[in-house]
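Naming convention: chains lettered A, B, ... in sequence-line order (proteins, then strands); numbering from 1 in each chain.
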Number of protein chains: 2
Amino acid sequence: MPAVISVTNPSGPYDAAVMLGRNPEAAVKPRSQESVVALRSQCSACNLRDLCLPCGLEGQDMASANELVYTRRRVKAGETLYQAGDPFKSLYAVRSGFFKSYVITEGGRVQVTGFQMSGEIMGVDGIDSDHHTINAAALEDSEVCVIPYVRLEEVSARVPALRRQVHRLMAREIVRDHGVMLLLGSMRAEERVAAFLLNLSKRFVARGYAASEFHLRMKREEIGSYLGLKLETVSRIFSRFQELGLLAVQKKSIAILDIDGLQDIMHQTED
Amino acid sequence: MPAVISVTNPSGPYDAAVMLGRNPEAAVKPRSQESVVALRSQCSACNLRDLCLPCGLEGQDMASANELVYTRRRVKAGETLYQAGDPFKSLYAVRSGFFKSYVITEGGRVQVTGFQMSGEIMGVDGIDSDHHTINAAALEDSEVCVIPYVRLEEVSARVPALRRQVHRLMAREIVRDHGVMLLLGSMRAEERVAAFLLNLSKRFVARGYAASEFHLRMKREEIGSYLGLKLETVSRIFSRFQELGLLAVQKKSIAILDIDGLQDIMHQTED
DNA sequence: CGGGGATTTGACACATATCAAGAGCGGTGG
DNA sequence: CCACCGCTCTTGATATGTGTCAAATCCCCG
């Protein structure tokens with residue numbers, strides 16, 4: 001049997017899903033200067049280049065990427081990189097640290113839409129309406145490369161490979177979102193948690209870290225929000241996985257003891 | 001048995017979401033000629049231009065859009081426009097008709113990821129990996145404009161406004177997906193159904209149709225898949241809404257009797 | 001005009017949420 | 001250095017929303 005994933009569609013978001021701008025004015029206020037590093041970053045020399053926006057670029061194309069990033073910005077744990085309603089100016093590449101992105105409805109409901117780690121790009125949510133539609137907050141002290149969108153447009157105007165790369169980047173996000181929809185729409189709680197852990201593991205591996213031991217930067221509640229579960233359910237499932245010998249959990253420290261076992265749980269066929 | 005297509009993904013989709021290529025070779029076979037209309041389409045003369053890809057383009061920019069579309073393709077109800085695993089060649093703009101897009105997991109689980117109507121673009125899911133990652137099927141006899149991706153790259157190379165438009169298009173999809181995540185992750189069944197109906201209504205209005213009366217092209221099961229509910233639940237909620245005087249339902253004919261009421265249900269604050 | 005899929009509806013099961021209590025841990029201040 | 005406080009996490013008991021299974025009706029298509 002075939003397997004697959006996701007889609008596309010240009011149709012608008014549900015009104016339900018309409019995200020409320022938070023407080024545009026507040027966002028306009030200048031960030032503390034100390035948080036902006038004016039050091040010119042060199043994508044071509046960055047050890048994240050193969051994970052990040054310039055991934056796949058070569059020679060002169062890679063050199064062009066250097067023109068994109070002039071500044072970095074530090075974001076302390078708990079602070080936001082941007083909020084819904086903020087004017088859209090730049091994309092951000094995570095240089096170090098860990099972020100969550102989330103939407104908040106009128107009713108105060110929160111939905112975490114993703115967790116971003118080094119090399120991943122944030123901010124494209126603002127391209128369509130010129131204002132950000134989600135919030136991005138650091139889960140630990142972090143640093144991002146600021147990629148002014150106008151500059152990205154300028155440079156990509158003459159660098160086809162970069163244009164292509166931006167398309168890929170956004171398409172990848174769309175494909176990822178389809179995966180989350182699949183998870184939220186048709187997986188049971190245990191499957192969701194297993195998928196979540198395996199996804200994290202895979203991403204850590206891509207960054208040169210151990211596949212089976214890592215530190216969760218997010219709270220149970222945030223995991224729950226992302227997975228469409230309550231925090232107690234997440235906690236219980238961690239405990240259950242531990243009883244099954246799949247996992248060793250100590251608060252935010254996770255050790256995966258049986259990757260295959262987790263995969264089995266994730267792939268459970270419901271019928 | 002499908003071949004597994006390894007989709008690159010930095011922040012990749014869950015493995016659960018790993019897409020299995022369906023049968024790439026099969027997709028290469030020529031479509032029946034009769035289904036491809038060689039008539040040169042004129043975006044600038046199309047009545048969908050303000051909803052579709054060229055939306056917002058003016059003058060020469062709009063004229064450039066005419067270069068993008070050389071062919072149209074008809075897809076009969078029940079047939080697929082493309083399937084997961086098919087090589088990615090083109091984007092498609094729905095000219096008439098109605099589509100669903102969906103992913104299928106190894107286990108045979110299906111998740112509808114969206115419904116597309118006239119003016120909406122399909123196919124961007126294939127940009128990242130050069131192969132489609134979702135399936136797109138017509139829910140009624142439909143016609144799409146075929147936009148070869150290489151041509152889109154050529155034309156947008158010299159038309160900044162078009163580049164911008166493509167970015168917007170993809171960003172809009174991402175924002176929409178966040179809305180669906182919110183829906184799937186934190187709304188109760190009644191809220192999901194209300195949001196779904198209001199979203200459909202809004203999109204019909206944008207196309208000049210009545211806001212309160214329309215024909216559902218999809219089955220209860222497909223609505224349920226999209227909303228993360230079982231078909232029986234969708235049916236029951238339609239009935240409940242009818243009892244509440246919010247809706248008049250007759251199989252696939254829907255009349256919204258109380259838009260505000262539906263909105264109230266959708267915005268229920270849970271706390 | 002017949003037949004099979006789609007829809008509705010009921011009874012019941014079960015997964016997950018809710019409510020509640022307590023434990024663990026880190027930071028702060030006396 | 002210890003005690004306290006607040007936050008996070010765990011765990012139990014119970015509630016409830018949605019799924020599952022089943023049957024009847026409808027109706028669309030051939």
Side-chain angles (χ1 to χ4, degrees), chain A residues 76-78 100 109-112 139-141 183-197 215-244 247-254 265 268-271, chain B residues 76-79 100 109-112 137 139-141 183-197 215-244 247-254 265 268-271:
Chain A
K76 291 209 204 89
K100 67 170 175 180
R109 243 190 286 242
V110 175
Q111 174 70 35
V112 170
L139 296 180
E140 62 184 18
D141 291 354
L183 180 144
L184 291 172
S186 59
M187 294 175 83
R188 294 178 317 108
E190 285 194 355
E191 301 173 273
R192 296 184 199 189
V193 174
F196 170 73
L197 292 171
H215 185 75
L216 296 173
R217 302 5 147 74
M218 67 293 276
K219 300 187 272 196
R220 299 287 186 270
E221 185 177 9
E222 291 164 330
I223 297 172
S225 171
Y226 181 56
L227 299 178
L229 302 171
K230 293 298 171 184
L231 67 97
E232 295 95 327
T233 303
V234 174
S235 176
R236 273 186 245 273
I237 290 176
F238 277 177
S239 299
R240 206 176 307 159
F241 283 177
Q242 189 157 242
E243 283 164 23
L244 293 172
L247 230 55
V249 185
Q250 259 186 308
K251 300 293 173 187
K252 293 190 163 157
S253 294
I254 296 283
I265 283 183
Q268 268 164 31
T269 78
E270 68 244 353
D271 297 339
Chain B
K76 292 211 206 86
E79 293 183 347
K100 67 170 175 180
R109 243 190 285 241
V110 176
Q111 173 70 35
V112 171
L139 295 180
E140 62 184 18
D141 291 354
L183 181 144
L184 291 172
S186 58
M187 293 174 84
R188 293 177 318 107
E190 286 194 354
E191 302 173 272
R192 296 184 200 189
V193 174
F196 170 73
L197 292 171
H215 186 76
L216 295 173
R217 301 11 151 65
M218 66 294 277
K219 301 187 271 196
R220 300 287 186 270
E221 185 176 10
E222 291 163 329
I223 297 173
S225 172
Y226 182 55
L227 299 179
L229 301 171
K230 292 298 170 184
L231 67 97
E232 294 95 329
T233 303
V234 174
S235 176
R236 272 186 246 272
I237 290 176
F238 278 178
S239 300
R240 206 176 307 160
F241 283 178
Q242 189 156 243
E243 283 164 22
L244 293 172
L247 230 55
V249 185
Q250 257 186 311
K251 300 293 171 189
K252 294 193 162 151
S253 294
I254 295 283
I265 284 182
Q268 268 163 32
T269 77
E270 68 244 354
D271 295 340

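Partners of B/E222 by side-chain hydrogen bond (donor to acceptor under 3.5 Å, both in side chains), not counting sequence neighbours, listed by chain and number: B/K100. In this structure, the salt bridge (charged side-chain N to carboxylate O under 4.0 Å, His left out) partners of A/E190, at least two apart in sequence or on a different chain, are A/R240. By the side chain to side chain contact (heavy atoms under 4.5 Å, CB included) test, B/A77 is found to be paired with B/D141, residues two or more places apart in sequence or in another chain being considered.
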(request) At under 4.0 Å between heavy atoms, which parts of nucleotides 21-29 of chain D does protein reach? Answer with one letter per nucleotide, 5' to 3': B base, S sugar-phosphate only, - none. (result) B-----S--
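Around the CD atom of B/Q242, the shell of radius 6.0 Å holds more than 12 heavy atoms that belong to other residues, nucleotides or ligands. More than 12 non-hydrogen atoms from other residues, nucleotides or ligands lie less than 6.0 angstrom from CD of A/E140.
Residue B/G228 is classed as a sugar-phosphate contact, given heavy-atom separations below 4.0 Å to backbone atoms only. Within the nucleic acid shown, A/L231 comes within 4.0 Å of at least one base atom, counting heavy atoms only. Note on B/S239: only backbone sugar-phosphate atoms sit closer than 4.0 angstrom, heavy atoms only; bases stay farther off.
Taken to the nearest 0.5 Å, the NZ atom of B/K219 stands 13.5 Å off from the CG atom of B/L216. Taking CZ of B/R236 as the reference point, atom CG of B/L231 lies at 9.5 Å (rounded to 0.5 Å). Considering CZ of A/R220 and CD1 of A/I237, their distance stands at 11.5 Å, rounded to 0.5 Å. Here the NZ-NE2 distance, from B/K252 to B/H215, works out to 6.5 Å after rounding to the nearest 0.5 Å.
For the helix from C/dC1-D/dG30 to C/dG30-D/dC1, the end axes, each set by the C1' atoms of five terminal pairs, are bent relative to each other by 40° (nearest 10°).
Of all non-hydrogen atoms in A/M187 and A/R192, the two that sit nearest each other are O-NE, 2.8 Å.
Computed from coordinates, the A/F238 CZ to D/dC9 P distance equals 9 Å when rounded to whole Å. Rounded to an integer number of Å, the gap from A/I237 CD1 to D/dC9 P is 15 Å. D/dC7 atom C1' lies 13 Å from atom CZ of A/R220, rounded to whole Å.
Between chain B and DNA chain C, the heavy-atom contact criterion of under 4.0 Å yields a 5' to 3' nucleotide range of C/dA6 to C/dA11.
Without hydrogens or angle criteria, B/E79 side chain to B/A137 main chain gives no donor-acceptor distance under 3.5 Å.
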